[in-house]
Amino acid sequence: MAMPRKINIQFGEVFPHGVYAVSEVTQVRDFDRSTKDRPVYSVDEDSGLNVWSVDVMDGDPEARKADRQLSIKILSTQKPVLPSSNGLPFTPVEFDGMTATPYVAENGGRPRLAWSFRAMAVRAPKNAPGQSKPAA
């Protein structure tokens with residue numbers, strides 16, 4: 001059986017309570033190829049697109065503290081723009097074109113299954129706080 005390395009997923013499957021951006025979008029540095037004087041930025045090996053990152057907070061009230069904040073990588077030729085926070089302290093966001101890649105993380109010598117998430121776009125969620133609701 002040939003299992004794909006990256007698994008296509010829907011945003012709501014992974015984050016049914018939503019997520020909130022808690023950082024700006026930044027370009028991911030390729031630490032293996034960069035030098036102190038010459039930064040080199042990561043490019044996705046499959047698509048050739050630049051890799052950007054944003055830290056998010058999972059809205060799941062039952063999420064463990066260690067699992068609540070994570071980074072989502074966004075593949076794009078240009079820097080993705082976060083939607084307006086509408087005066088909120090954190091920006092509600094959703095991601096389109098998501099994939100999940102499993103890996104084994106070592107935390108204090110104790111291995112556990114972890115996930116790396118990538119997306120093709122970031123946008124405001126439907127019916128986000130502060131947005132007007134469609135007329136009935």
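Sequential numbering from 1 along the given sequence is applied to the chain's residues.
- In the displayed structure, Arg29 atom CZ is contacted under 6.0 Å by more than 12 heavy atoms of other residues, nucleotides or ligands.
- The shortest distance between side-chain heavy atoms of Val25 and Val81 does not fall below 4.5 Å.
- Counting all heavy atoms, side chain and backbone alike, Gly18 lies closest to Phe11 at CA-CZ, 4.2 Å.
- When side chains are defined from C-beta on, Ile7 does not count as touching Thr101, because their heavy atoms never get closer than 4.5 Å.
- The distance from the CZ atom of Arg33 to the CZ atom of Arg38 is 7.5 Å, given to the nearest 0.5 Å.
- Interatomic distance, Gln69 CD to Met57 CE, rounded to the nearest 0.5 Å: 4.5 Å.
- In this structure, NZ on Lys79 lies 10.5 Å from CD1 on Ile74, to the nearest 0.5 angstrom.
- With hydrogens and angles disregarded, a donor-acceptor distance shorter than 3.5 Å links the side chain of Ser23 to the backbone of Asp55.
- For the pair Arg118 and Leu75, the minimum side-chain heavy-atom distance is below 4.5 Å.
- Under the 4.5 Å side-chain contact rule for hydrophobic residues, Val54 and Val28 do not share a cluster.
- For Gln78, the CD atom counts as loosely surrounded, since its 6.0 Å shell holds 12 or fewer non-hydrogen atoms of other residues, nucleotides or ligands.
- Note that the CD atom of Gln27 and the OG atom of Ser76 stand 10.0 Å from one another [nearest 0.5 Å].
- Ile9 and Met120 fall into different hydrophobic clusters, where Ile, Leu, Val, Met, Phe, Trp and Tyr side chains are chained together by heavy-atom contacts under 4.5 Å.
- Both Val14 and Val19 belong to a common hydrophobic cluster when Ile, Leu, Val, Met, Phe, Trp and Tyr are linked at side-chain heavy-atom distances under 4.5 angstrom.
- Every residue meeting the salt bridge (Lys or Arg N to Asp or Glu O under 4.0 Å) condition with Lys6, not counting sequence neighbours, appears here in chain and number order: Asp44, Asp46.
- Ser42 and Asp30 share no donor-acceptor pair across their side chains, judged by distance under 3.5 Å alone.
- In this structure, Ile72 and Phe95 have side chains that are in contact, with non-hydrogen atoms separated by less than 4.5 Å.
- Here the two rings, on Phe15 and Phe117, have centers that are under 6.0 Å apart.
- Remark: Asp67 pairs with Arg64 by the salt bridge (Lys or Arg N to Asp or Glu O under 4.0 Å) rule, at least two apart or across chains.
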